[in-house]
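Written out below as structure tokens is the structure these notes cover.
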Amino acid sequence: MEVKTSLLDNMIGVGDMVLLEPLTADSFLENLRNRFDHNEIYTYIGSVVISLNPYRSLPIYTPDKVEEYRNRNFYELSPHIYALADEAYRSLRDQDKDQCILITGESGAGKTEASKLVMSYVAAVCGKGQEVNKVKEQLLQSNPVLEAFGNAKTVRNDNSSRFGKYMDIEFDFKGDPLGGVISNYLLEKSRVVKQPRGERNFHIFYQLLSGASDETLKKLKLERDFSKYNYLSLDSAAVNGLDDAANFRTVRNAMQIVGFMEDELHSVLELVAAVLKLGNIEFKHESRCNGIDESRIKDKNDLKEMCELLGIEQSVLERAFSYRTVEAKLEKMSTTLNVAQAYCARDALAKNLYSRLFSWLVTRINESIKAQTKARHKVMGVLDIYGFEIFEDGDNSFEQFVINYCNEKLQQIFIELTLREEQEEYVREGIEWTNIEYFNNAIICDLIENNQNGILAMLDEECLRPGTVTDETFLDKLNTICGEHQHFESRLSKNSKFLTDHSLPHNCFRIQHYAGKVLYRVEGFVDKNNDLLYRDLSQAMFKANHNLMKQLFPEGNPAKVNLKRPPTAGFQFKASVGTLMKNLQTKNPNYIRCIKPNDKKTPHIFTDSLVRHQVSYLGLMENVRVRRAGYAFRQPYEPCLERYKMLCRRTWPHWRGPAREGVEVLMGDLQVPHEEFSYGRSKIFIRNPRTLFFLEERRRQCLRDLATLIQKIYRGWKCCSRFLLLKKSQVVVAAWYRRYAQQKKYQQIKSATTVVQSYTRGWQARKLLRELKYQKKCEKAATTIAAYWHGTQARRELRRLKEEARRRHAVAVIWAYWKGLKVRREYRKFFRANAGKKIYNFAIQRIAQKYFLGLKSSLPSMSPIDKSWPVRPYVFLDGVHSELRRIFHLWRCKKYRSEFTSEKKAVFEEKLEASELFKDKKTLYPSSVNQPFKGDYLEISKNPKYQKLSSTVDEKVLLADVVNKINRANGKGTARIFLLTKKNFILADQKTGQVKASVPLPDVTSVSVSTQSDGFFALKLREGSASAVKGDFLLSSEHLIELITKLHHVGVTAADQEQLNVDISDEFLVQFKQDKVCVKFIQTPPKNGNGASCKRRNNRLLEVSVPLTV
Ligand SMILES: Nc1ncnc2c1ncn2[C@@H]1O[C@H](COP(=O)(O)OP(=O)(O)O)[C@@H](O)[C@H]1O
Ligand SMILES: [Mg+2]
């Protein structure tokens, strides 16, 4: 549903100044400021849009905004330039009315931007399609081209348009653009050669130098450095926020889109370069002999390059700068130019060249963008013309004069059209109209343009007048002719009040424009109006070998020499303004009045005085007043009824009758006083804004109540639908829950059933198993019983068979016996003769055989000491039996012996020797039998302790043992090492290994030992031998048997030795030095010590007590 809104909704201040209450200059200004502070830069006065320059980009030109304003009524939304553009476009399209959009305001107020916004809006909302888009694009892209060549940075505006532009956009009956026509007005060409302080030349010069490629610059014989060119003022070459290089690319691109050929583009750039070169040509003074001053070109390099660029013969141009040919009728005169004149000629050429180039560009663009069909079309004109311009220091010249004249004309048309339209509307609507006072600037226009005594006419007259013509003579003329005009002021005018006005210099005149007083300096007026270019120069230009150049200077064609003066600049301008005005008057005007909020080009600053001044000279207050003189507000009946119908019960919610009647009912019901409004034919006219505000207030209240009502109903509906939804949801939830519960219950039952089932099945299975087992048992039992039974049967059968067999056997035996008996009885007589002997031998043989076989299987082990032997089975074999035993024993002893090694044999031989020596002679012997004879108990050769000792012994040690040497004095023992070799025995200290005694064995005559279990022994030495000096040795050893046996054995084996005697007795004599001592062994009951002890009883007796072995 479309939302019906109004500019009255959410309004900041008032959106339409007509509604301002009270209407004063202050409140007007305050409203503008208030809205400006809230970024509302647009405000209406009826259908006029006031636009304040925000000096920053606002987010109000988006495609969404375009959509918002598209096809909406003017007052439906808050004020916007789009609303105006839409209104204009729709009335063009739908009502077939040609439109013009007049954008006025001071320089820098935002006119050019506004014109672009209007064009872009129209481009966005009009038809689409490939062809249409191309046209649109060309129309839009003509802007950058013209801006590059026609705009410059000024103190007021960084992108100030230095020409007036009026563009007719042509549409077909559907509202699709077909093409356009651009008209340009008076380019400010003086800028080409000189720029005021803080301003720049036209953008294209800077763009070319910054943005062209090195190659292009080389072709154009240019350098990138601005400072190389006299025509480029240096103080503001770079402008903030302006990227010249990027813009150059944009311009080239735009020219291509518009349809410029590559060579055309190059030609244009060549001309631009030529202008720059021209500026660098300088002249010097040269005196001739005839006293006439002449000028010469200083440095011809620039001239040369320029001529090369344009294909001009250098000498021709050089001459044109030095001479001037004057032709009158058929006479030709040539005069020389002085330096100043030469400079003038140069500058005039530069200005002309540039301005003609600009006009050519416009023509060329027009060629491209002109509508292709001849069909009738509708036109929307957009006028963006230079704004009213005043230089405060009175430096206003001819340019400002014509600019301001143009603005006066526009103001005039504004006044005329607004008033006329207002009046026409009242007439149309049948409303009574009373005239309203306002300032009409027609009088000022008259002052300037009057054909008889207007300033422009004066100027032309002065220019054409023969004789000396200067700016001063022109001012004099003005003083005499216009002196009495109430808007003309001059020191020497007829009006004496200015005679003493020091703010008015002598060489100036002042005009009271509608927008304020402007002081014009007359200097240059005549020249600029003449706008003459010496024919020599135009002819030189025409001679150029350059297509474009030729086109620009057609008057230089010698074939078409025209001696008539060309029309003056003022005349031309007046004529074109006249044409423009006529053109505008045929169209439906739409006004955009641009206001500059500050002089600093900065956002957010609102300078009261500046705005107040603009408001006043633009006549905006009058505009409002005129608008309100009759009725402040008007509205067609339908929207009015639609908007306020809720204020009356009868019209709310629907009024079925005609809208006008509805509004009448409504007004009657609201008791609005009759003088406050009038009914027109299609509109209601409201006299006072107060009444409108009263209606609005009532509407607001009513809307509140309605909102409450809507809220109430909506809430009720919402609660109800929510309840229904909840209810529905509850049913769904319940259904789902029940389903879930039932599912769960079913699952439980199912699992319970499964359990019960499994139990039952188990029980049944077990029962079956039991039965099966029982059956099996029964079968098994039956089998067992059967088996037993069969067993019993079988055994019984077996017994019976056995019995039968026995019986049969018995019968056979008996029968055999009986037979034997019979046979024996029969053969007894033969048998008795030799059978007895045979049977005996046989029996003996059998027994012997049996015996040997039995013995063979029961032989004892092969151990010689095994005493066992099988028992004798028959007495008669007693002898054989014991003989076999002996033989067996001998055999196994032999067998045993045959397994001996020689070492083992030696050991056994020693053992045998020991047995021969001691068996049954000494009690100690039996205990020695199972002790192996180890010999070297001390491991003498391996033990490092006895290394020294073993080294003294050369022979093999047969025995090494520790023995006790019995002290002869007290019978106590001292441990000594006893070494036995084949040759001698050695006694040595046990600890040190020092040899105490070494006795050659032949010196030992005998050994005496006791019969008892002790280890004492005495070694008796041969009397008279060297060893016997100390006497015999009494020693005791733990290996007595072995020691003596070895000692004895050495004696036995050594051939040169006598056999050693071994005396075994309990009393023997020992030679101790001189004494012979008797050693006596006595048996004592066993004691703790369990060892034999020796005691010296007296000189002759040494008693050894040997404990009795049990
Ligand atoms: N509607 C706008 N939004 C943003 N900036 C604007 C607007 N109108 C004007 N301007 C700024 O102000 C400058 C001057 O505007 P311009 O249209 O060239 O002035 P004029 O043509 O009246 O001399 C522009 O370059 C731009 O920076
Ligand atoms: Mg402009």
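Counting starts at 1 for both ligands and their atoms, following the listed order. The basis for the numbers below is simple: all heavy atoms, side chains too, and nothing from hydrogens, waters or symmetry mates. By convention here, the first residue in the shown sequence is residue 1.
With salt bridges taken as basic N to acidic carboxylate O contacts below 4.0 Å, one links Asp168 and Lys587. For Glu449 and Lys409, the salt-bridge test passes: some basic side-chain N is under 4.0 Å from an acidic carboxylate O. We find that Lys351 and Asp347 are not joined by a salt bridge, their nearest charged nitrogen and carboxylate oxygen being 4.0 Å or further apart. Under 4.0 Å is where a charged nitrogen must lie from a carboxylate oxygen, and between Lys189 and Glu399 no such pair does.
Residue Asp158 forms a side-chain hydrogen bond (donor to acceptor under 3.5 Å, both in side chains) with just one option from Lys601, His203, Arg200, and that option is Lys601.
Distance screen at 4.0 Å: atom 27 (O) of ligand 1 has no protein heavy-atom neighbour inside the cut-off.
If you look at Glu106 next to ligand 1, the close heavy atoms, those under 4.0 Å, all belong to the backbone. With a 4.0 Å cut-off on non-hydrogen atoms, Asn157 touches ligand 1 through its side chain and not its backbone. At a heavy-atom distance under 4.0 Å, only backbone atoms of Arg56 (N, CA, C or O) approach ligand 1.
Near Pro54, meaning under 4.0 Å from any of its heavy atoms, are these atoms of ligand 1: 1 (N), 2 (C), 3 (N), 4 (C), 7 (C). Those atoms of ligand 1 that come under 4.0 Å of a heavy atom in Asn53, given as number and element, are 5 (N), 6 (C), 7 (C), 8 (N), 9 (C), 10 (N), 11 (C), 12 (O), 13 (C), 14 (C).
Around the Mg ion (ligand 2), the angle linking Thr112 (OG1) with Ser161 (OG) is 90°, rounded to 10 degrees.
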